[in-house]
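Structure, as structure tokens:
Just so we're on the same page: letters track the sequence lines, and every chain starts at 1.
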Amino acid sequence: MSITRKWATKQQRALEILVILERTYPDATCSLTYQTPVQLLVATILSAQCTDERVNKVTPALFARFPDAPSLANASIEELETLIRSTGFYRNKAKNIQGACQKIVSQFGGEVPQQMEQLLSLPGVARKTANVVLAHGFGIIQGVTVDTHVKRLSGRLGLTEQTDPIKIERDLMRLLPQPQWENFSIRIIYHGRAVCKARKPDCGVCQLAHVCPAAITPE
DNA sequence: ATCCCGAGGG
DNA sequence: CCCTCTGGAT
């Protein structure tokens with residue numbers, strides 16, 4: 001009952017949230033479309049401040065024209081910008097995608113590196129992108145992916161008081177079992193898109209409302 | 001006007 | 001810490 005919930009530790013609540021999310025979204029996966037780790041990296045860079053749905057509309061033409069790191073490394077920046085324009089921030093993204101692919105070719109043998117430190121050395125790649133690529137590209141769980149949804153829901157659910165994504169990630173890494181880190185993120189993202197939306201959260205149908213300090217529950 | 005699977009620079 | 005980069009959807 002609410003008595004035990006009131007004194008439940010953050011860790012206990014985090015685990016309960018994880019269990020409910022796994023039951024609610026049993027088939028949740030990465031919603032970006034890609035064929036190779038390089039394509040996953042590119043799609044993830046493109047997903048910054050952009051819906052995955054929008055990313056998936058530009059990547060088919062992009063990857064048909066430039067399917068791998070060498071071709072992206074040698075692409076004309078203008079053509080790259082045109083192909084990815086609708087995802088926003090297209091100048092930075094084009095520059096970063098090309099810069100990352102050039103470094104992948106020159107320093108990593110044309111393959112996406114599988115070490116966090118090496119990934120973070122690529123332009124346009126920070127913890128969020130690196131976590132996505134490691135988890136979905138290679139099955140390596142190094143951290144918790146903290147995107148805008150994970151940030152918003154972690155706050156609403158009372159799992160962290162931090163606002164800096166790096167500090168939020170640190171809190172979530174303490175609260176959740178390591179093998180479940182990406183399971184948690186991917187399902188939080190699903191839930192953030194479908195129910196716990198930024199503007200009008202649908203608390204009335206939310207499976208987590210009973211463990212959520214921010215839930216708006218009608219009497 | 002606000003938000004979307006952010007990152008880099010000041 | 002702050003700001004900027006960007007277009008599309010709501």
Side-chain angles (χ1 to χ4, degrees), chain A residues 21 25 27-34 37 39-59 61-62 77-78 80-104 116-138 140-157 159-170 172-173 176 180-202:
Chain A
L21 289 174
Y25 308 102
D27 301 319
T29 54
C30 178
S31 44
L32 296 167
T33 56
Y34 60 95
Q39 293 185 1
L40 172 60
L41 173 65
V42 171
T44 308
I45 290 175
L46 290 176
S47 73
Q49 294 297 300
C50 177
T51 60
D52 285 12
E53 191 182 353
R54 170 62 51 188
V55 174
N56 290 337
K57 284 182 180 173
V58 312
T59 44
L62 176 66
I77 204 74
E78 292 79 14
L80 258 185
E81 288 177 355
T82 302
L83 283 164
I84 69 172
R85 185 177 169 284
S86 69
T87 66
F89 299 160
Y90 63 91
R91 290 191 201 93
N92 286 336
K93 287 176 180 175
K95 194 194 314 168
N96 288 334
I97 286 167
Q98 181 155 78
C101 286
Q102 287 172 349
K103 191 159 186 173
I104 286 170
M116 175 64 78
E117 198 179 335
Q118 296 176 334
L119 277 169
L120 295 179
S121 78
L122 300 173
V125 178
R127 292 278 313 184
K128 183 262 171 178
T129 300
N131 280 329
V132 169
V133 170
L134 286 172
H136 299 284
F138 303 116
I140 300 169
I141 309 299
Q142 284 282 116
V144 180
T145 298
V146 179
D147 74 322
T148 183
H149 296 293
V150 175
K151 176 177 179 178
R152 184 180 69 252
L153 270 66
S154 297
R156 285 180 177 170
L157 288 164
L159 298 180
T160 182
E161 283 75 54
Q162 303 298 325
T163 56
D164 174 13
I166 299 295
K167 294 178 182 172
I168 294 173
E169 183 181 1
R170 201 180 305 142
L172 294 176
M173 288 169 75
L176 297 160
Q180 306 300 322
W181 285 350
E182 191 61 19
N183 285 342
F184 176 82
S185 291
I186 203 74
R187 285 169 176 79
I188 284 281
I189 290 165
Y190 264 66
H191 193 63
R193 282 201 289 244
V195 178
C196 193
K197 295 170 283 188
R199 300 181 191 184
K200 210 165 74 78
D202 213 343

Under-4.0 Å side-chain N/O to phosphate OP1/OP2 contact, [X] with [N]:
X	N	answer
Ser31(A)	dC5(B)	no
Arg54(A)	dG7(C)	no
Thr51(A)	dT10(C)	no
Thr148(A)	dC5(B)	no

Against Thr44(A), only a single residue in Leu40(A), Leu46(A), Val42(A) fulfils side chain to side chain contact (heavy atoms under 4.5 Å, CB included); can you say which? Leu40(A)

Euclidean distance, atom [atom1] of residue [X] to atom [atom2] of [N] [Å, nearest integer]:
X	N	atom1	atom2	answer
Lys57(A)	dG7(C)	NZ	C1'	12 Å
Ile168(A)	dC5(B)	CD1	P	16 Å
Asn96(A)	dG8(B)	CG	P	6 Å
Tyr90(A)	dG7(C)	OH	P	5 Å
Leu122(A)	dG6(B)	CG	C1'	15 Å
Lys128(A)	dG6(B)	NZ	P	5 Å
Asn183(A)	dC5(B)	CG	P	19 Å

Any donor-acceptor N or O pair under 3.5 Å, side chains Lys128(A), Thr148(A): no

In terms of side-chain heavy atoms of [X], which of [options] is nearest?
X	options	answer
Arg91(A)	dG6(B), dG8(C), dT6(C)	dT6(C)
His149(A)	dG8(C), dC5(B), dA7(B)	dC5(B)
Val132(A)	dC5(B), dT6(C), dC4(B)	dC5(B)

Would you measure the distance from the C1' atom in dC5(B) across to the matching atom in dC1(C) and give it in whole Å? 24 Å

Between dC4(B) and dT6(C), how many Å separate the two C1' atoms, rounded to a whole number? 12 Å

Using a 4.0 Å heavy-atom cut-off across all strands, classify [X] as base, sugar-phosphate, or nothing.
X	answer
Pro123(A)	sugar-phosphate
Arg152(A)	sugar-phosphate
Arg85(A)	sugar-phosphate
Ser185(A)	nothing
Ile45(A)	nothing
Val125(A)	sugar-phosphate

Report yes or no: is the cationic atom of Arg193(A) (NZ for Lys, CZ for Arg) under 6.0 Å from the centre of the six-membered ring of Tyr190(A), at an angle within 45° of the ring normal? yes

Within 6.0 angstrom of Lys197(A) NZ, more than 12 heavy atoms from elsewhere: yes

Whether the side chain of Glu169(A) engages the backbone of Val144(A) through a donor-acceptor N/O pair (distance < 3.5 Å, no angle test) should be reported. yes

Where the side chain of Lys93(A) meets the backbone of Gly88(A), is there a donor-acceptor pair that is under 3.5 Å apart? yes

Has Phe89(A) got its ring stacked on the base of dG6(B), with centres under 5.5 Å and planes less than 30° apart? yes

